[in-house]
Amino acid sequence: MAHTHCDVDALSTHGRATPFLPRRRMPHLKEQLNGALLAAVRLDAVAGAAAPLAADRAVFGPTKNPAHGDLATNAAMVVAKPLGKNPAEVAEKLAGQLRAHPLIESAEVAKPGFVNIRLSTKAFASILQDIVERASTYGHMTPNSAGSILLEFVSANPTGPMHIGHCRHAATGDSLCRILQAAGHKVGKEFYINDAGVQLEALGRSFRFRCFEAVGLLGPGDVQDDGEKITFQGETISYPGDYLKAFAEDFVANKCKEEIGGLTPSQFAWEARNRNLQLIVHDLAAMGVAFDNYVSEQALRDSGAVERALDALTKNGMTYEKDGALWLRTQDFGDNEDRVLRKKDGALTYMVPDIAYHLDKYQRHFDQYLNIFGADHGGYPPRLRAGIAGVGEDEKKLTVLLLRLVFLIKHGHRVKFSKRAGNFVALSDVVEEAGADATRWFMLCRSIDSEFEFDMDLATQHTSQNPVFKVQYAHARICSLTQKGLEAHILPSTDATVAAALLTAPIEREMLLYIAQFPEMIERSAKELSVHNVPAYVLGLADLWNRYWTMAKTDDSFRVINSGNRDLSQARMLLANCVRQTLANGLSLMGITAPQRMERDEEDAS
RNA sequence: GUCCCCGUAGCUCAGUUGGAUAGAGCAACUGCCUUCUAAGCAGUAGGUCAGAGGUUCGAGUCCUCUCGGGGAUGCCA
């Protein structure tokens, strides 16, 4: 497992039938074939006693070479060794069994012991039929057929606007939610607001300074500004960015000096907090991301949850006193050393509210808890686990994904940013410049374990080979084709079996096999908690469609409409619609629109 | 020091619990629009999968070691 997270297996509950739940749907093609494979291996004539050894490793997989058929299995090789038999012999027996299966046209043995199969017309028909019947839910499990998950992501501090890093978090979290929902999980999206403690006090000081500045309350010697750092009445202004100036000017607009001067520090802090939060919600909305729930740290503190968590930790013996401080045994959960919960001076560390928050999550009884943190928070997971276990909950239900950094590339160079100077690449700027669709695409297309360079010059290209537009274009083309078909009275075939029998061109078979893999792709993404497979998948499908499309440019016999054969035209129209549906479903997993039309800009065309 | 992640084409990165001849996008070169949208397609070129051992029918993938890059290791949050 490549990811920086733990207990992935605990999340992979899909694909395994839960006894109390009905089977969510008919098994898809690959599941049926794998089932048939295992049944065949289990026969005494094939592997018999060795079959259990094959249960995990023997599967059908796609072939890279068309000469190897539609699908291939390694089952014979897996099983031959423990049986002490020749893989080719086992493969021959296995192939003999598989040939009898209605979804299998032919089964042949190849070199070391592969069994290569070709699918029957019935199998190809079932692919088409499945998509027609399931439409926008094709590839999905029945909703809520798998465990519930509370997914926390972004949780940006309400101290300023969101930057490009949050962008990746937002896109990843939202897409992961969609993938997990498609895999049958019930998912809650949650945002934790760090609106208490020293951070918020610092925000209040900064905002108070800007308000005083805006209303003309600054006294002589109040402000020191050496270009690097601003201090106000001897205290550092931690958030010097212009956004607080704008908030301040708006806030003081209808207020007199006395009114401003009479406000308490916490009133300033809360005012700034509210305005920042509003900005965050607004920025997220621009990306199409919305949360189901926002949890305020301050509200948790007010409710007494923090004290309760601390009490639980001490009561359960997960803590000890040393050097006048209270420590948590985080080493038991992989930490290098134990961590302090209550400092010598009596103040609690940030860990306690965080643990209280997680206790609050657990009290809402989800099956799993999933957090997306920045990779710079790599120290968190062991501490959180220790805390969760310490309050008597099952820390194995927590999975933490660590998401790596994003760098913005403009004109071929990394854009430098410094939080100190208050200049950073704002999420809103990225979305405004590249659009929500392209932004989401690029934020999703890399494994979360890789740092990634967001190339603005590529993302904003509408004229060149921008992958987002390529996929959307393929979708729009099929919509356009369907429209043309309507005008020509060529409707998608309603008989999948007839259609499948006519769709015999290699590229057509390739497309059918490809769209048949969509459900597996979702399952795999949900199991691995990864998002980057989705863009890769839809791009691959768009490529296939575009290739098919262009073939008709030079060979009329590949045209969908006017192919000279009405049944064939209708069969191809059905295939086109199934490809379109799969593209749309894939884009939907990323939260990217699937446009019906794409008009070419005059500017872009030049 | 310890732990985690990364190292694959000129660049950015995929590579499905170990499978057959290692892929995509961008960049480069050559072709293809009287036709269902050329925001497209075909072809060419580009690789000691960081390195060395090991495991086996079979390794980019698993194990060990080495070398590089990044992150985590506060009584900060």
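Per chain, numbering begins at 1; letters A, B, ... match sequence-line order.
Rounded to whole Å, the distance from CG on A/L486 to C1' on B/C36 is 13 Å. Per the geometry, CG belonging to A/D335 stands 14 Å off P belonging to B/C3, to the nearest Å. One atom, CD1 of A/I193, and another, C1' of B/A77, lie 17 Å apart when rounded to the nearest Å. As rounded to whole Å, 13 Å separates atom C1' of B/A27 from atom CG of A/D457. We find that CE of A/M443 is positioned 21 Å from P of B/G25, with the value rounded to whole Å. When rounded to the nearest whole Å, the span between CG of A/N336 and P of B/G1 equals 14 Å. Between A/E487 atom CD and B/C36 atom P there is a gap of 11 Å when expressed in whole angstrom units. For A/L348 and B/C76, the CG to P distance is 12 Å, given to the nearest whole Å.
Residue contacts for A/A347: at a heavy-atom cut-off of 4.0 Å it reaches no nucleic acid atom on any strand shown. At the heavy-atom level, A/K344 lies under 4.0 Å from base atoms of the strands shown. Residue contacts shown for A/L405 are absent, as no nucleic acid heavy atom lies under 4.0 Å away. A/D323 comes within 4.0 angstrom of a base, heavy atoms only.
Only the C1' atoms considered, B/C13 is 12 Å distant from B/C6, to the nearest whole Å. B/G60 and B/A22 have their P atoms separated by 9 Å, given to the nearest Å. Rounded to whole Å, the P atom of B/U16 lies 13 Å from the corresponding atom of B/G23. Between the P atoms of B/U61 and B/G54, the separation comes to 14 Å (whole Å). For the P atoms, the distance linking B/G69 with B/A59 amounts to 31 Å, nearest Å. Taking atom C1' in both B/C62 and B/G43, the straight-line distance is 38 Å, to the nearest Å. If you take atom P in B/G46 and the same atom in B/A24, they sit 15 Å apart, rounded to whole Å. For the C1' atom pair drawn from B/U44 and B/U48, the interatomic distance equals 24 Å after rounding to whole Å.
Candidate nucleotides B/C75, B/G25, B/A77 were compared by shortest atom distance to the side chain of A/V198, and B/A77 ranks first. Between B/A38, B/C41, B/C75, one nucleotide has an atom nearer to the side chain of A/R547 than all others, and that is B/C41. Counting only heavy atoms from C-beta on, A/K81 has its side chain closest to B/C57 among B/C57, B/G1, B/U35. Set against B/C5, B/U35, B/C36, the side chain of A/A552 has B/C36 as its closest nucleotide. For A/K470, the side-chain atoms get nearest to B/G40 when compared with the rest of B/A38, B/C75, B/G40.
If you check the side chains of A/Y380 and A/N371, you find no donor sitting under 3.5 Å from an acceptor. For the residue pair A/N157 and A/T159, no side-chain donor N or O sits within less than 3.5 Å of a side-chain acceptor on the partner. Looking only at atom types and distance, the side chain of A/Q472 has a donor-acceptor partner in the side chain of A/D437 under 3.5 Å away. A donor and an acceptor atom, one from each side chain of A/R580 and A/H475, are located under 3.5 Å apart.
For B/C33, the base is syn relative to its sugar; the glycosidic angle is within 90° of 0.
A/T236 has its side chain within reach of A/K229: a pair of non-hydrogen atoms, C-beta onward, lies under 4.5 Å apart.
Scanning both residues, A/F191 and A/A156, for their nearest heavy atoms gives CZ-N, 3.2 Å.
Applying the side-chain contact (heavy atoms from CB on, under 4.5 Å) criterion to A/K111, with sequence neighbours excluded, gives no partner residue. Not counting sequence neighbours, A/H358 has no partner by the ring pair (Phe, Tyr, Trp, His ring centres under 6.0 Å) test.
One finds a salt bridge joining A/D195 and A/R273 here, because a Lys/Arg side-chain nitrogen approaches an Asp/Glu carboxylate oxygen to under 4.0 Å. In summary, A/K527 and A/E520 do not engage in a salt bridge, as defined by a charged side-chain N under 4.0 Å from a carboxylate O. Taking the charged nitrogens against the carboxylate oxygens, A/E297 and A/R301 do have a contact shorter than 4.0 Å, which makes a salt bridge. Taking 4.0 Å as the cut-off between side-chain N and carboxylate O, A/R524 and A/E528 count as a salt-bridged pair.
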Distances under 3.5 Å between protein N/O atoms and the N/O atoms of nucleotides 43-46 of chain B, please, pair by pair.
none

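For the pair A/K484 and A/A542, nearest-nucleotide mapping onto RNA chain B gives the more 5' position to A/K484.
Every stem involving RNA chain B, taken as at least 3 paired positions in a row under the Watson-Crick or G-U wobble test at 3.5 Å, is listed here: B:1-7 with B:67-73, B:10-13 with B:23-26, B:28-32 with B:40-44, B:50-54 with B:62-66.
Evaluation of the side chain to side chain donor-acceptor pair (under 3.5 Å) test over residues 537-553 of chain A, restricted to residues two or more places apart or in two chains, returns A/K470-A/D543, A/R477-A/N546, A/E508-A/Y548, A/Y548-A/R572.
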Mark up nucleotides 13-20 of chain B, 5' to 3', with B wherever a protein heavy atom is under 4.0 angstrom from a base atom, S wherever such an atom reaches only the sugar-phosphate, and - elsewhere. SSSSB-BB
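Put simply, A/R404 has no side-chain N or O that comes within less than 4.0 Å of OP1 or OP2 on B/C5. Taking side-chain N and O atoms only, A/W549 has a distance below 4.0 Å to OP1 or OP2 of B/A38.
The closest donor-acceptor contact from the side chain of A/D335 to the backbone of A/R383 lies at 3.5 Å or more, if one exists at all.
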